[in-house]
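Sequence lines set the chain letters: A, B, ... in the order given, protein chains first and strands last, and positions in each chain run from 1.
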Amino acid sequence: MKLATWNVNSIAVRLPHLQRWLVDARPDVLALQELKCPVEKFPAQAIAELGYEAAVHGQKTYNGVALLVREGLPWREAARGLPGFADEQARLVVAEVEEPASEAPLVVVSAYFPNGQAVSSDKFVYKLAWIDALASWIERERLAERPFVLMGDFNIAPAPDDTHPDWPQDGILASPPERAAFARLLSLGLVDAFRRFPQPPQSYSWWDYRQGAFRRNLGLRIDHILVSPALLPRLRACTIDVEPRRWERPSDHAPVVLELAPTAETST
DNA sequence: ATGTCGTTTGTAAAACGA
């Protein structure tokens, strides 16, 4: 089972990259963020031709998330939008995926956390409220007690090692309140899959388009895959695929990929 | 360097968000 998350920054512009990457990587489930397109303009046909079905929570201009599920895997959409949180912005979609030879379905979330713009701005207040509602929903539904994967663009670099050395540790994407919000998700029992494995130093998932940031590796690790304890015995690898960031006219984000052992192999 | 993208709107430059 291979799961991945990728902020594509406009699916209309990035469709060729998405197609190329799907053919190369063949994930079973891919979470997408920043579609920037309403559901009726989502390129479902092009994606179906590559063997994927989609749950789409779209919106014109901004935001927009989706979950692509490889054909042959039974699944159902479980929620569109953050349950219990009135939100005009399309930032979350949930699906339940039936794995072969598994008793419990895998609950998967594609989430596009608010950026927050600047610490103490109105958008920052909204960001913290949104994450609070997300954590409350996970807690209320006891999702951490099930096979559960929360993945997406969190817009938070959880620790100093997740930012390039010059990034302000009290600024947006790294500030103490944002890191505390991320820590609350971990306190529910969820685990940052990337940090379960040895990783190259200065591993990042996002680089600003400006200032040659990618060339100089001035990035942040803000795209994450959190998993519930039930999945820990199945973790095999978690990597950031920087290759698409090198392609012409790239997204500013790179995909993050998680490999899970099949359920059949987990009994020890 | 206010340095780049993607989208929208008073369809052309500017605003907005990231």
Residues in side chain to side chain donor-acceptor pair (under 3.5 Å) contact with A:E53, at least two apart in sequence or another chain: A:W75
Nucleotides 2-11 of chain B: protein proximity per nucleotide (B base, S sugar-phosphate only, - neither; heavy atom, under 4.0 Å): -BBSSSSS--
Pair A:D153, A:W6: side-chain N/O donor-acceptor within cut-off below 3.5 Å: no
P gap between B:dG17 and B:dA12, integer Å: 24 Å
Flag for A:E145-A:S228: side-chain donor and acceptor within less than 3.5 Å: no
Kindly list each side-chain donor-acceptor pair under 3.5 angstrom involving residues 24-31 of chain A, sequence neighbours excluded, with atom names and distances?
| from | atom 1 | to | atom 2 | distance (Å) |
| --- | --- | --- | --- | --- |
| A:R26 | NH1 | A:L50 | O | 2.9 |
| A:R26 | NH2 | A:L50 | O | 3.3 |
| A:D28 | OD1 | A:R70 | NE | 2.7 |
| A:D28 | OD1 | A:R70 | NH2 | 2.7 |
| A:D28 | OD2 | A:K2 | N | 2.7 |

B:dA1 to B:dA14 separation - P atoms, rounded to the nearest Å: 23 Å
Any side-chain donor near an acceptor of the partner, A:E139 and A:S136, under 3.5 Å: no
For DNA chain B, the residues among residues 110-118 of chain A that have a non-hydrogen atom under 4.0 Å from it: A:Y112, A:N115
Within residues 79-88 of chain A or reaching into it, pairs that qualify as side-chain hydrogen bond (donor to acceptor under 3.5 Å, both in side chains) - sequence neighbours excluded: A:E77-A:R80, A:D87-A:Y126, A:D87-A:W130
Aromatic plane relationship, A:W206 with A:H253 - under 30° parallel, 30 to 60° tilted, over 60° perpendicular: tilted
Which residues share a ring-ring contact (aromatic ring centres under 6.0 Å, His included) with A:F214, sequence neighbours left out: A:W207
B:dG6 to B:dG10 separation - P atoms, rounded to the nearest Å: 23 Å
